[in-house]
Each structure stands twice: as C-alpha cells, then as structure tokens.
Amino acid sequence: MADDPAGAVHLSGDKLLTPELTRPPIAVSLKEVRKRFGRFAALDGVDLTIEPGELLALLGPSGSGKTTLLRLIAGLDFPDSGQVRFGGADVTLAHAAQRGVGFVFQQYALFRHMTVAKNIAFGMDVKPRRERPSGAERRARVQTLLELVQLDGLGARYPSQLSGGQRQRVALARALAVSPQILLLDEPFGALDASVRKSLRRELRRIHDATGVTTVFVTHDQEEALDLADRIAILNGGRIEQLGGPQAVLDAPASAFVAGFVAQANRIAGEVRQGLFTTPGATLPASGLADGPAIAFVRPHDLAPVAESAGGIAVRVQRVTPRGGLLWLECVAAEGLVLDAAVARKDVQPPVPGEPIRLALTGGHVFADPG
Amino acid sequence: MAIAPPDGALRFPVLVSGRRRSAIPGFGLTLGVTVTALCLVVLIPLAAILARAAGMGLHGFVQAAFSARALHAYALSFTASVIGASVNAVFGLLTAWVLVRYAFPGRAVLNALVDLPFALPTAVAGVALAGLYGGQGWIGRFAAPLGLKLAYNEVGVVIALTFVGLPFVVRTVEPVLRDLAVDVEEASASLGANRLQTLARVILPALAPAWITGFALAFARAVGEYGSVIFIAGNMPYRTEIAPLLITIELEQFDYGSASAIAAVMLGVAFTMLLVINLVQTWSRRFA
C-alpha cells in the first residue's frame with residue numbers, strides 16, 4: 001500500500017507480543033462505591049478487586065449498574081461515595097484524561113473526520129510535546145496496532161468505509177495505543193451480528209493474551225461472559241451478587257438470581273424440610289437451608305427421563321428438538337409447569353410428543369423462596 | 001468492467017430493459033418539476049438581468065458597473081457581509097452550543113428569539129437598530145462618549161447585516177451538534193485530550209461542514225440585504241452606500257441599464273464566492 005501513511009514501518013509478527021504495547025498490569029480495586037442518578041441507586045455499595053492482567057466480565061441485566069461501574073473505573077463518571085484505586089494510587093477524583101485507561105464505547109465513538117491511522121494515533125498526538133513519541137515512533141506504533149487487530153493496510157480509510165466489526169477493531173486499537181493501565185469495553189460486541197461477534201470474541205481473548213493488559217468488559221450476554229472471561233462479576237440491582245470463575249458461577253451460584261441468570265434453569269417450587277427439598281415426585285439435598293417454601297433451579301441437563309417405577313416428576317412431552325448431540329424435550333408437568341430437559345441423543349430413544357414420561361432430578365440448586 | 005458478458009443478450013442492458021428501474025421511482029417527474037420551477041423563479045429573471053446588462057454594450061456596461069461610486073458600494077457590501085457572517089459564525093456557534101448542550105429556564109424563549117430575524121420585516125429591524133445604536137439610542141449614547149459611532153457609518157452596516165444573518169449559523173450547526181454523540185467527546189477525554197484539544201481536534205472538525213454552510217447562508221443573506229441596512233447606514237455615496245441601494249437609486253432614475261449592470265456584477269461575485277464555499281464544503285465532507 002503505497003498510499004498508506006502507516007505503511008512506512010513494517011514489523012514482524014512476533015514483535016506484536018513484546019510488552020511495548022502496555023505497561024506492567026495493575027490491580028484495580030473499588031471500595032464501598034455508591035452512585036445515584038436522582039432517586040435511582042445505580043450502584044449500591046460495590047466492593048471489587050480486579051487482579052493484574054485478568055480478563056473480567058461485568059455481567060448483569062440492563063439497569064443492574066454494570067455500565068455505571070465501568071464508567072466509574074474509567075473516570076467518565078464519579079462515585080457519590082467510596083474509593084477507586086489503580087495499583088496503590090487513589091484515583092477516585094481523577095478525570096478520565098489523567099487515568100490512563102483505554103475505553104471502547106458501545107457505538108465505537110470513532111472520530112469520523114479522521115482516517116483509521118489518525119484515529120489510532122489520536123491518544124499519542126494529544127500528548128504534551130515533551131511526552132509525545134516522535135512521528136516515526138507514532139507511525140510504527142499505529143502499524144503495530146493495525147497488525148494486532150488485523151486491519152493491516154486499512155490505515156488510510158475513513159470509519160464510514162469500514163464494516164461494524166472493523167470499526168470495533170479500530171476502537172480497540174485506538175484504546176490500546178495509549179498503553180492503557182487498564183482496558184475497558186462497554187458491550188463490545190452488542191452492535192454486531194452473531195457470527196462476527198463470535199470471531200471478535202476470540203480476537204479479544206487473543207489480543208488480551210498478547211498484551212497482558214488488565215481488561216474489564218460489560219455484557220448482558222452470559223454466554224459471552226462464560227466464554228471469554230477469567231472471572232465474572234454478576235451484578236443485580238447495583239450490587240455484585242457473585243464474583244468467580246465461569247465454573248464457580250455455573251456450578252455454585254451464590255444466589256437465586258445468579259442461578260437463574262447465568263444459564264437456563266427450570267424453576268421448580270417445593271418445600272425444604274430438615275435439609276431436604278421436596279417437590280411432588282422428586283427430592284434434592286438442601287443442607288443449611290431453613291425449613292420453608294423454596295425454589296430449585298435445575299439446568300436442563302440435570303433432568304433425566306427415567307422409568308415409571310423409579311419415581312420422578314410426571315410430565316407430558318410437548319416438543320422434541322434435536323440440537324447437535326443433544327435432544328431437547330419441552331415437557332409440561334401438572335399445573336402447567338414447563339420443564340426443559342436436555343439429554344444426550346445417543347442415550348435415549350426419542351419420545352413422541354404427547355407421550356407421558358417421568359423426569360428425575362440429577363442435580364440443582366435450592367434457594368429459599370422469597371415469597 | 002472489461003469482463004465479456006457470457007450471454008450476448010446482456011451486452012446492452014439499458015436497451016434490452018427499455019429503461020432502468022429504480023426502487024424509488026419518480027426521478028424524471030420530480031427533476032422536471034424542479035427544473036421548471038427553478039427556471040421560472042430563478043434562472044429566467046437572472047437571465048433577464050444579464051440580457052439587459054449585455055444590451056448596453058461593453059463600454060456602457062463597464063462605465064455603469066465599475067464607476068467609482070459602484071466600486072465603493074461593492075467593497076462595502078461584500079466586506080460588511082463577510083464581517084457580519086464571520087461575527088455570526090462565532091456567536092451562532094456559541095448560541096447553538098448553549099441551546100443544544102444546556103437545559104436552562106427560558107431556553108424555549110431563546111430558541112424562538114433566534115428565528116426572529118427571519119420573521120421580522122427588515123425595515124422594522126432597521127428602524128429599531130438605528131434607534132438603538134444611534135447617538136441618542138440606548139446603546140449608542142453609551143458608545144458616543146468613548147468616541148464610538150455605531151450608526152450612520154460602516155459599523156452600522158455591519159451591525160444590520162449581522163442581525164439579519166444570525167439564525168443561519170445557529171440553525172445549520174444545531175442539528176449536527178445535537179447528533180454529535182457525547183461518547184465521541186468522552187473517547188477523546190479518555191485518550192488523554194484536554195477540553196481545548198477535544199474542541200479543536202474532535203468537535204470543530206465534525207461541525208465544519210455545517211458551520212461553513214451556515215456562514216455561506218449568512219453571507220448570501222447579507223449581500224442581498226436592503227431593508228434593514230438603509231435605515232442605519234446613512235447612505236452617503238462613496239462611504240456608506242451599499243450596492244443593493246445603488247441599484248434601487250438607479251431604478252428610481254429609470255436607468256435600468258446601469259441597475260442591471262451593477263446587479264450582474266453582484267451576481268457574478270456572489271455566485272463565485274458561493275461556489276468556492278461549496279467546494280470547501282465538499283472537501284470538508286470528504287470523510288462522510
């Protein structure tokens with residue numbers, strides 16, 4: 001590309017993995033952070049420590065405070081009370097420009113009057129003269145970043161000439177160009193179609209691993225969080241309900257909300273008596289729970305068809321759908337309760353819609369029914 | 001495309017299909033109506049001016065169009081218009097900014113006030129401005145002791161032309177500013193830019209095309225303005241006489257040829273300036 005202003009310097013691929021793109025990763029911690037918008041408590045006392053170099057997902061439904069939390073870390077909003085620390089430094093009142101964060105906006109927020117190369121170089125171009133890298137260094141850095149996000153050769157284009165996925169990559173490269181202490185992404189894949197979303201997800205993981213920068217991203221898509229993150233903070237109503245790895249939040253949900261939100265779950269009402277959850281046709285261990293009404297969250301793969309003699313919940317099969325190696329059974333129990341079961345196709349003879357079968361519980365998480 | 005069509009029937013697609021089909025039909029009809037209207041309202045009257053001016057012969061034309069008095073009038077008209085449009089560019093941008101970015105009591109009133117120069121008969125504006133800025137006026141009487149004369153001179157012309165052009169910049173910049181997402185500014189800040197850098201490198205370049213349009217409209221309005229200026233200018237030949245007034249004077253003396261000649265010159269200059277502004281605008285939109 002002769003007309004590519006960024007094309008003057010070419011670097012080999014393994015140069016991308018040198019730490020020059022980032023500073024040493026730092027930890028970020030928030031203490032008792034509160035933020036209200038009018039009468040709405042967006043964040044209601046959040047404590048969170050982000051480990052150096054980790055890839056953390058902030059997962060929650062809309063209105064749970066996840067974007068507010070991200071903006072507080074970035075310095076785009078400020079908490080009413082509480083503290084934000086970057087490494088050892090208290091940055092609670094520091095403005096975004098002083099924090100050294102890279103922020104990728106949901107709608108990318110590219111500068112549309114600048115070329116891709118100019119967009120990426122922006123953070124370096126606005127540095128005070130003493131700190132600003134030389135023109136050659138800036139061009140080299142832009143080229144390195146274009147290669148990192150696989151947009152090599154597109155430096156002379158304008159954002160309007162790029163696809164959504166490419167714009168997202170430009171936004172990412174622009175954020176990384178300032179060697180951020182921490183990289184923040186707000187719903188990074190929200191505006192993209194499903195296939196692009198999946199490949200960019202892998203891309204982000206690769207870029208994170210190559211740069212080692214502490215990264216936090218916001219999503220409402222549990223699959224995205226489980227797929228991509230080292231740890232997941234699950235937010236609800238302005239509080240963190242659980243913080244843990246994908247395994248932990250799936251297999252040991254800390255609350256009924258987490259059990260219901262992180263993955264699909266059937267909700268089966270019942271009662272706890274002396275550490276045992278009972279519902280007509282089935283039981284589950286519920287040690288440590290007080291006696292009283294309760295709800296069991298049962299994943300589809302924890303429902304298994306069994307012979308009538310073995311007990312189980314009596315249901316009638318409504319629909320049978322093969323999905324890959326699994327067979328999905330949509331069943332209806334007494335009182336109209338819909339239960340979804342997923343069984344390995346090779347294990348069962350597919351039932352016929354309308355057929356009465358029995359489902360046993362092979363696992364589940366029981367929480368007290370708040371009423 | 002240098003690729004040979006695989007099938008001979010496809011070689012002349014336009015002829016084969018008769019006419020090109022479009023998902024938004026009516027191009028021919030709408031263009032026809034537009035051109036007809038444009039001819040009746042704009043082109044034919046302009047052509048009449050040129051024809052009349054051409055009928056004078058070259059010598060007569062030059063004498064009428066480039067007399068010392070006419071040259072003074074052109075200089076005043078175009079200079080005062082550029083100054084007025086420039087003042088409007090600055091304050092119009094500021095006004096648009098305030099209207100878009102801040103919620104305050106009385107915003108609706110301010111919003112309506114901006115359009116007033118559109119609606120007000122220009123003669124009314126001229127009388128009001130002359131009263132205000134004249135030596136005895138509310139503002140003029142405070143300027144007079146400082147040695148400033150704000151009416152019945154070139155300053156008065158600029159004041160009147162600024163007044164009539166105000167809404168243009170505000171109304172062209174406002175929607176673009178409204179569309180300019182806040183996250184673009186936040187992105188700039190998160191990348192380490194201070195407010196001044198964000199303004200100079202991000203906001204103003206994004207507004208530039210609309211801003212230039214607003215300037216061009218305010219300028220065009222000012223060049224053609226007559227009613228408000230004559231009340232505050234003093235209208236002294238060789239000093240404060242604007243070109244449109246000179247045309248009127250020639251008309252009142254039934255010297256239609258001279259009037260047409262002056263009009264033709266103004267037409268040429270205004271058209272050239274607007275063309276240049278349009279080219280600048282196209283260039284500043286190259287990213288869209």
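Numbers restart at 1 for each chain; the letters A, B, ... are given by sequence-line order, proteins then strands.
The contact between Arg71(A) and chain B is made entirely by side chain atoms (from C-beta outward), counting heavy-atom distances below 4.5 Å. Proximity to chain B is absent for every atom of Leu184(A), based on heavy atoms less than 4.5 angstrom apart.
At least one donor-acceptor pair closer than 3.5 Å links the side chain of Asn119(A) to the backbone N or O of Met114(A). In terms of modelled atom types and a separation under 3.5 Å, the side chain of Arg169(A) and the main chain of Val149(A) share a donor-acceptor contact. Looking only at distances, no side-chain donor or acceptor of Arg112(A) sits under 3.5 Å from a matching main-chain atom of Pro159(A).
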As a quick check of understanding, evaluate side-chain contact (heavy atoms from CB on, under 4.5 Å) for Thr219(A) and Phe189(A), giving each step before the final call. CA-CA 8 Å; Thr219(A) 181; Phe189(A) 314 111; over 6 Å; no

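Checked against side-chain hydrogen bond (donor to acceptor under 3.5 Å, both in side chains), Arg201(B) has no partners two or more places apart in sequence or in another chain. In this structure Ser188(B) satisfies the side-chain hydrogen bond (donor to acceptor under 3.5 Å, both in side chains) test together with Thr198(B), sequence neighbours excluded.
Residues of residues 88-96 of chain A having a heavy atom under 4.5 Å from any heavy atom of chain B, listed by number: His95(A), Ala96(A).
Annotation: side chain to side chain donor-acceptor pair (under 3.5 Å) contacts involving residues 263-283 of chain B, sequence neighbours excluded, comprise Thr213(B)-Gln281(B).
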